[in-house]
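Excluded from the calculations below are hydrogen atoms, water molecules and symmetry mates; all remaining heavy atoms, backbone and side chain alike, are included.
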Amino acid sequence: MDWGYEGSTRRRTCMLMVTHACNLNCSYCYEPYKKNAYMSLDLAKEIILREAQFVKESDQFDELEIDFMGGEPLMNFPLIKAIVEWLETGVIDVPLICFATTNGTLLNDEIKNWLREHKDTITLGASYDGNSQMQSTNRGTDKHNIDLAFFHELWPHQALHMTISKETLPTLAEGVLDMQAHGYNVEASLAEGIDWTIDDALIYREQLCILKDAYLKNIALTPFDRLTKFVDVFNLPPTEKVQVKSCGTGKYMATYDIDGKKYGCHMFTPIVLGKDALLADGVEWDSPESTADDYCKSCVLRRYCPTCPGFNYKYRKNLAVRDKRHCPMVLAETMTACEFQVERIASMDKLDEKDAQHGLAALQAYKVLCHLDITKSQSPYTI
């Protein structure tokens, strides 16, 4: 049973926690147990060979993705470099890609030149939170020159990832539009473990509306992903009991810590949970109970509202129990997404049948959402 997962089910993701070290201390960081510890090259090779053999023998997977994780993964660049060059010798005979998300502060000329030579084997994604002021607020990067143009040069279709904090929320639209003005695609997520309030939800709605209007005015801009993601919102009210699990934790992916121990994803490793780290074999990952929060079963947004078993476990010691402080924030997103889709399609000179159906579904969903109260906190949205 796939219980709502909507990612690629043919790709096996092998996450390697190559280090527990990081050179920044972001305000929303969920890794409180960072330390100066690193994975060895021999162990990394052993794990990759084992995972590649698993993919080769599996009827479920066709390809392997190797994610270098941290901490800040470039703190262990020598290992990444050695692994990529080793893989390029053809030691693995299954299709593969390497990936790492980085804060970008450690990219020097030597690393950049190497990445240019190996850009077809490894992709870097940059974590960047808006304009320089937003970066400084969230990440304290005042003294760092982060070369976003380098990421765009090598991997132009790779979006920059923004984390929205409570402090940067009021300038969200300004930050997104500034990044897009330089040609960068942007995707974002709300910081977890934050005391999101009704006032924050109203600010979020306001900022999303600014973005919505900007995209309607300039169709050359790629819409911010929070206004286009999760099209299931256009099927309200839901007719299924399945709640969406938006990642392949424990089933389509596995994370190996610096000592080789296996976890469902990086959220369950010691750098996140300390002594409460949860090994992969300690969880029934195929169980629907790992995503189905009974409190949310009557909510019309349950298929739209994403859930992270890792964050749920970290903050509430239960894989399924979601943070209800997100409820008004999710409603702000869905309402604005529906408005954007309706207004965008209404502005088209010509509509094909697909556009017309999409617009009608968005309008119907919007009518449902208009009956909900954004000031209703910590409660399922039902009609």
Please work out whether the ring planes of [X] and [Y] are parallel, tilted or perpendicular, with thresholds of 30° and 60°.
X    : Y    : result
F268 : W285 : perpendicular
H182 : Y184 : parallel
Y30  : H266 : tilted

**Request:** Could you tell me the separation between the CG atom of D373 and the NE2 atom of H371, rounded to the nearest 0.5 Å?
**Result:** 13.0 Å
**Salt-bridge criterion met for K34 and E72 (N-O under 4.0 Å)** = no
**Asked** Does the distance from a Lys or Arg side-chain N to an Asp or Glu carboxylate O, for K324 and D293, drop under 4.0 Å?
**Response**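 A salt bridge is present here (some side-chain N lies under 4.0 Å from a carboxylate O).
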Can you find a pair of side-chain heavy atoms, one from [X] and one from [Y], that are under 4.5 Å apart?
X    : Y    : answer
D257 : P270 : yes
I48  : L16  : yes
I194 : R325 : no
M17  : Y256 : no
Y28  : R139 : yes
I374 : Y204 : no
E65  : M253 : no
T336 : F224 : no

Going by atom types only, do [X] and [Y] share a side-chain donor-acceptor pair under 3.5 Å?
X    : Y    : result
E88  : T121 : yes
N312 : T307 : yes
R344 : Q341 : yes
T171 : N131 : no

**Path from L190 to V321 over hydrophobic side-chain contacts below 4.5 Å** =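 Different clusters: L190 never reaches V321 through Ile, Leu, Val, Met, Phe, Trp or Tyr contacts under 4.5 Å.
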**Prompt:** Would F68 end up clustered with W155 when hydrophobic side chains under 4.5 Å apart are linked, directly or stepwise?
**Reply:**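 Yes, F68 connects to W155 through the hydrophobic network.
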**Prompt:** Side chain of D178, backbone of E174: donor and acceptor closer than 3.5 Å?
**Reply:** no
**Asked** Other than I345, what residues sit in its cluster of Ile, Leu, Val, Met, Phe, Trp and Tyr side chains whose heavy atoms are under 4.5 Å apart, directly or through others?
**Response**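 Besides I345, the cluster holds M348, L351.
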**Request:** Could you tell me whether K317 sits above the aromatic face of Y313, with NZ or CZ closer than 6.0 angstrom to the six-membered ring centre and within 45 degrees of the axis?
**Result:**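 Pair K317/Y313 counts as cation-pi.
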**Item:** Criterion side chain to side chain contact (heavy atoms under 4.5 Å, CB included) on E153 and R116, from CA distance to verdict
**Value:** CA-CA 9 Å; E153 171 198 341; R116 284 191 177 94; 3.1 Å; yes
